[in-house]
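Here the structure comes first, spelled out in structure tokens, and everything after it is commentary.
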Amino acid sequence: MEVRDAAGIGDLEPWLRSQHAVGVSVLLDDPRPRRGAPLALAVAGVDGRVVAGDGAEASDALRHLVEQTGVPLVGHEVKPILVAGFAEDPDRLPAPVAFDTQIAAYVLNAALRSQTIADVVAEQLDQILPSAAELPPTARAGLEALSALAVRDPLERRLADVQLDRLLREVELPLIAVLARMEAVGVALDRDALAALDREFRSEIDRLEREIYVDVGHDFNLGSPKQLEQILFFELNLPKGRRTKTGYSTDASVLEDLRPAHPMIDKLLEWRIYTKLRSTYVEALPTLIAADGRLHTTFHQAVASTGRLSSSDPNLQNIPIRTALGRRIRHAFVAGAPDLVLLAADYSQVELRILAHVSGDEHLKDAFARHADIHRETAARVLHKPPEEITADERSMAKMVNFGLAYGMSDFGLASRANIPRREAQEFINSYFAAYSGISYYMMAIKEQAKSQGFVETLLGRKRQIPELRAANPTLRGAGERMAINMPIQGTAADIQKIAMIRVAERLRGSGLDARLLLSVHDELLFETPRDQVEALAALVRETMEGALPLAVPLVVDVKVGDDWESMTPLTRADAIAAEADELPDEAVAAAPLAG
DNA sequence: TGGTTCACG
DNA sequence: ACGTACGTGAACCAC
């Protein structure tokens, strides 16, 4: 291996141009986008030559040369190299990605969480890689670049054997550059708004703490589950609820039942909400703002066993929205300049539509074809009543069942969430399956299929092995059955979202629009766009997302626009109606006049 | 490090 | 009889 400084990079150009692909690996002192400086970057040729740049200057020079020659990249986690390029210029064409061994290994077995290059080499080549900790950065990068090149062929053969090569080539690989660009672009955050929230939350927390200590009679650590358990169940002698491995549970559903029993419970619940929001968001997010004034998440493409993306450092897929207090945090996510706005496009009921498609259930398909209020429609069909006679409670129950379906819901689960007797929950579920026999049949069939072949798959063929289905332990086996029900639905939704992201990014490039894709939150895409281009962007995004994968039911996308991520207003009348049905509390929807 | 809790879809 | 709705990530406490 050759180690070079910045001055020794330039004369590598003829060699790079002679390679039809190169293995690449970068080692960063901080893995977060726009944070880390490279310690080393290595390039391995198909001719066996390996060159490593030593330090930030040489690594950047080598990366620039690779980008300039346009040689296709092979690596184990290529995204950080693309992020570095997009950080310099988000509008540049990225280096082409020929293969990513981390993502290939994930597609082959999504049940294992993120495999290292050493794991893949051991599996594919039956060789042990030297321990990375003992090697200098240049050697480590060189070894990884070469290893990635070496495991490509065996991985490609296995992918083709199980017909996963197209999923990798047409979805996962093109997605890498889309995600890299999103990470490099980031999202703007209003620091002052968060600072004000911090002051307000802190004073509420202080007040609640003082009041709770008075109610209890002495101080203790409210955040300690152990001390809290002692106070609640042994000092105040409140009724004990569910058990955990370590003691009695004090989670919100338990505390909810204890509210009438002691005045401190209400305050404790409120204290929990404030401290959660303060420590996870209000305090943490400002410290993660980069030099460009924006937040840059990292998307993980090889973690979730269903095919979904995840997000970390910070996680921007769990920014609060469900409560008014939480939404004040979302309010701090803003468009980055006065002439820009945010545009959010989300798939309406995508998982239930996928269930309608894969099960072929005629009644569910018909309801979606008619663009009916799906929860009301469900209640009406299950209870044998006209839709306009459905009460708020009945619609709410149907809504919970519709959500629970994709999770392999039990009567117990429904009963605890709907706060009804288990027997009633069981009756509703029975009536549901009688009314939607196609769904009932599908649930049995998918479990059988999963058991016989050991895995389940999405519409694009993405697979998840489920060894739990063969467990002797009935609890574990039950968990396996629920995974078997959920993965094809959640995973197909992920497939659709990924196709949409790739096509939207592609069409934006050729559109003359200046919009940027910022975030993907499972069934939602968030963009930043010049105000005067909103209409054109909305049309492009809606059409692309709705057409991502034709199903037996229409895919419907709701579009909203606003100056921040909280104050979003529906773009059209149809978006407004859909937003109302999807988001308002059930009572409001049941009370509202029918939309047509 | 593992357990608990809770933020999101 | 048994434990019980899928998938994530982060903060905090206890060991």
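Values below: all heavy atoms of this structure, side chains included; hydrogens, waters and symmetry mates excluded. All of these numbers come straight from a predicted model, not from anything done at the bench. First the proteins, then the strands, lettered A, B, ... as listed; each starts at 1.
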Have A/Asp119 and A/Thr116 got a donor and an acceptor in their side chains that come within less than 3.5 Å?
yes
Quick one: does any side-chain atom of A/Thr297 pair with a main-chain N or O of A/Ser312 as donor and acceptor, under 3.5 Å?
yes
Distance-only, no hydrogens or angles: does the A/Arg422 side chain make a donor-acceptor pair with backbone N or O of A/Asp411 under 3.5 Å?
no
Under 4.0 angstrom, heavy atoms only, what part of the nucleic acid is A/Met487 near: base, sugar-phosphate, or nothing?
nothing
Touch class at under 4.0 angstrom, heavy-atom based, for A/Thr275 against every strand present
nothing
Side-chain donor/acceptor of A/Glu566 to backbone N/O of A/Ile329, under 3.5 Å:
no
Please determine whether salt bridge (charged side-chain N to carboxylate O under 4.0 Å, His left out) holds for the pair A/Arg202 and A/Asp198, giving the CA-CA distance in whole Å, both sets of side-chain angles, and the decisive distance to 0.1 Å.
CA-CA 6 Å; A/Arg202 180 175 319 178; A/Asp198 190 33; 2.8 Å; yes
Just call it for A/Ser312: base, sugar-phosphate, or nothing, with non-hydrogen atoms closer than 4.0 Å on any strand.
sugar-phosphate
A/Glu351 side, atom CD; A/Asp523 side, atom CG - distance, nearest 0.5 Å
8.0 Å
With a non-hydrogen cut-off below 4.0 angstrom, is A/Ala493 in contact with a base, only sugar-phosphate, or nothing?
nothing
Would you mind classifying the nucleic acid contact of A/Asn318 as base, sugar-phosphate or nothing, using non-hydrogen atoms under 4.0 angstrom?
base
Straight-line distance of A/Glu424 CD to A/Leu414 CG, nearest 0.5 Å
10.0 Å
Touch check for A/Arg482, heavy atoms < 4.0 angstrom, all strands: base, sugar-phosphate only, or nothing?
sugar-phosphate
Please answer whether the main-chain N or O of A/Ile319 pairs with a side-chain N or O of A/Arg330 as donor and acceptor at a distance below 3.5 Å.
yes
May I have the step-by-step check of ring pair (Phe, Tyr, Trp, His ring centres under 6.0 Å) for A/Tyr432 and A/Tyr436, ending in yes or no?
CA-CA 6 Å; A/Tyr432 180 92; A/Tyr436 293 90; 4.6 Å; yes
State the dot-bracket string of DNA chain C. Criteria: Watson-Crick or G-U wobble, both atom distances under 3.5 angstrom; notation: ( ) intrastrand, [ ] crossing earlier pairs, | interstrand, . unpaired.
.....|||||||||.
What interatomic distance, in whole Å, is found between P of B/dT4 and the corresponding atom of C/dG3?
15 Å
For A/Gly223, report the nucleic acid contact type (base, sugar-phosphate, nothing); a contact means any heavy atom under 4.0 Å.
sugar-phosphate
Judged by nearest nucleotide, the residue sitting upstream toward the 5' end of DNA chain C, A/Asp313 or A/His522, is A/His522
Looking at every strand, decide which applies to A/Ser416 at a 4.0 Å heavy-atom threshold: base, sugar-phosphate, or nothing.
nothing
Any sub-3.5 Å donor-acceptor pair from A/Arg482's side-chain atoms to A/Met409's backbone N or O?
no
Once you apply a heavy-atom cut-off of 4.0 Å, does A/Ala406 come out as touching a base, just sugar-phosphate, or nothing?
nothing
Mind checking A/Ile489 for me? I need base, sugar-phosphate or nothing, with any heavy atom below 4.0 Å counting as a touch.
nothing
Roughly how far apart are A/Leu355 CG and A/Ile439 CD1, rounded to 0.5 Å?
4.0 Å
With heavy atoms under 4.0 Å as the rule, sort A/Arg417 into base, sugar-phosphate or nothing.
base
Taking any atom under 4.0 angstrom from a heavy atom of chain A, which nucleotides of DNA chain B are the first and last to qualify, 5' to 3'?
B/dG3 to B/dG9
Contact class for A/Pro320 vs. all strands (heavy atom < 4.0 Å): base, sugar-phosphate, or nothing?
sugar-phosphate
Which nucleotide span of DNA chain C, 5' end to 3' end, has atoms closer than 4.0 Å to non-hydrogen atoms of chain A?
C/dG3 to C/dC15
How are the rings of A/Tyr248 and A/Phe234 set to each other: parallel, tilted or perpendicular (split at 30° and 60°)?
tilted
At 4.0 Å (heavy atoms only), tell me whether A/Leu414 reaches a base, stays on the sugar-phosphate, or touches nothing.
nothing
Sugar-phosphate only, base, or nothing, as touched by A/Asp411 at under 4.0 Å among non-hydrogen atoms:
nothing
Could you give the distance separating B/dC6 and C/dA5 at their P atoms, to the nearest angstrom?
16 Å
Say you pick atom P in B/dA7 and the same atom in C/dC2; how far apart are they, in whole Å?
32 Å
Compute whether any side-chain donor of one residue and acceptor of the other, for A/Ser416 and A/Arg242, lie under 3.5 angstrom apart.
no
